[in-house]
Amino acid sequence: MSLLFLTAVCAALSAAVSSSSIETLADNVLVVKVPEADGSLVKVPLVCGEAHQNQPVFWSKNGEELMTKGNKITVEVEELLGGNYTCHLSPNGEYLNHTTIMVQQNNIVILQKKDAKEGHVHCSGLNYNGSFHCTWKRTAHRSHAAVFLLHAERNGEKIPCELDADGSGVRCQIDYCPYKEEQHRIYLSMYIRIDYLIEHHTKSFYLREIVRPAKLPNVHVNGKVFSWNYPDSWEKPCSYFGLNFEVKVVHKGQPCNSQRAIRNTTTDETKYKINFKEKNYVFCVRAQDKFTQGPWNHWSHCVVTNNAVDCSPHS
């Protein structure tokens, strides 16, 4: 039984090592990829530097001295226990070099998944001026995770981006002519880490797939006719960059996304006439690009109570 148990353990450890891979992510940064961290044990070769080949090199991990010495060593990375390895001329001597080892597993644990379609990263734009915003949400236990590396490009050209102050999103700006047909997709690649655990997330899209108009302003009513305006941020002229509007009327107290609608229709006009006698209801309207039929914006609404209308944002 003991021999069988040891054989099984060795086989499991061998599988954990053989199924892993080691990649260079950036200068002095290695990523150990494992199917799952539990039970993984990976041997990683480290080199202090060719210039130190014949010198007495000492190593430390996260500030604690290692027993292994020499210019070239091999360390074992167990589960999520990566670290910062530094090499020195003596135990407390001159710093020579360093290598940070991080672990990447198949399971996503740092970011929350928005939904099956959106994945972990959600991108949107208010119009076709080339600006877009991508956001993500960290899980409760990894709320302090930070973006380690982020890169966006289109057709091989780098896209300038700026990380949000809270680290939960990024704003990017591409050179884009809204009158020209879009031919190349945008690619976003992001590495996010907490301690020595790292995740890689990617997103690929055309700008036309993510443009979502801002909420419709100035929704108001005159008699039985509700009307609204195009968002100020939407492209001009409106005759070229047209919008479709979904109009929905639901019972008072029901949300705009309720499936129990009194009326539900679409129109390209910025007005809609109520043709029923109901005195208590909610009038809802939202918009999408008329030609690309991209994502709908958020609902704007008015609450009608005994024919008194409240279109304030907090109604």
### Message
Quiz question: by atom type and distance under 3.5 Å, do the side chains of E153 and H151 form a donor-acceptor pair?
### Response
yes
### Query
Between F245 and W228, is the ring centre distance below 6.0 Å?
yes
### Query
Any ion pair linking K290 and D268 (charged N to carboxylate O, less than 4.0 Å)?
yes
### Task
Kindly state whether the ring of F205 and the ring of Y187 have centres lying under 6.0 angstrom apart.
no
### Query
Using the benzene-type ring in the case of Trp, are the ring centres of F283 and F226 under 6.0 Å apart?
yes
### Query
Could E246 and R286 be called an ion pair, given the rule that one side-chain N must be under 4.0 Å from one carboxylate O?
yes
### Query
How far apart are the closest heavy atoms of N97 and C48, and which atoms are they?
ND2-O, 2.8 Å
#### Entry: Any side-chain donor near an acceptor of the partner, S168 and K137, under 3.5 Å
no
### Query
Should K43 and E78 count as an ion pair when the cut-off is N to O under 4.0 Å?
no
### Sidechain N-carboxylate O distance under 4.0 Å for R193, E199
no
### Task
Could you label the plane-to-plane angle of the W234 and F241 rings as parallel, tilted or perpendicular, counting under 30° as parallel and over 60° as perpendicular?
perpendicular
### Other residues, nucleotides, ligands: >12 heavy atoms within 6.0 Å of H298 NE2
no
#### Entry: Candidate list T100, I194, L25, test side-chain contact (heavy atoms from CB on, under 4.5 Å), partner F148, passing option
L25
### Query
Considering only heavy atoms from C-beta outward, does the side chain of R171 approach that of C161 to under 4.5 Å?
no
### Task
Using side-chain contact (heavy atoms from CB on, under 4.5 Å) as the criterion, point out the one residue from V250, V282, D310, V219 that pairs with H301.
V282
### Task
Taking the two cysteines C172 and C134, decide whether their SG atoms are closer than 2.5 angstrom.
no
### Query
Is the ring centre of H200 less than 6.0 Å from the ring centre of Y191?
yes
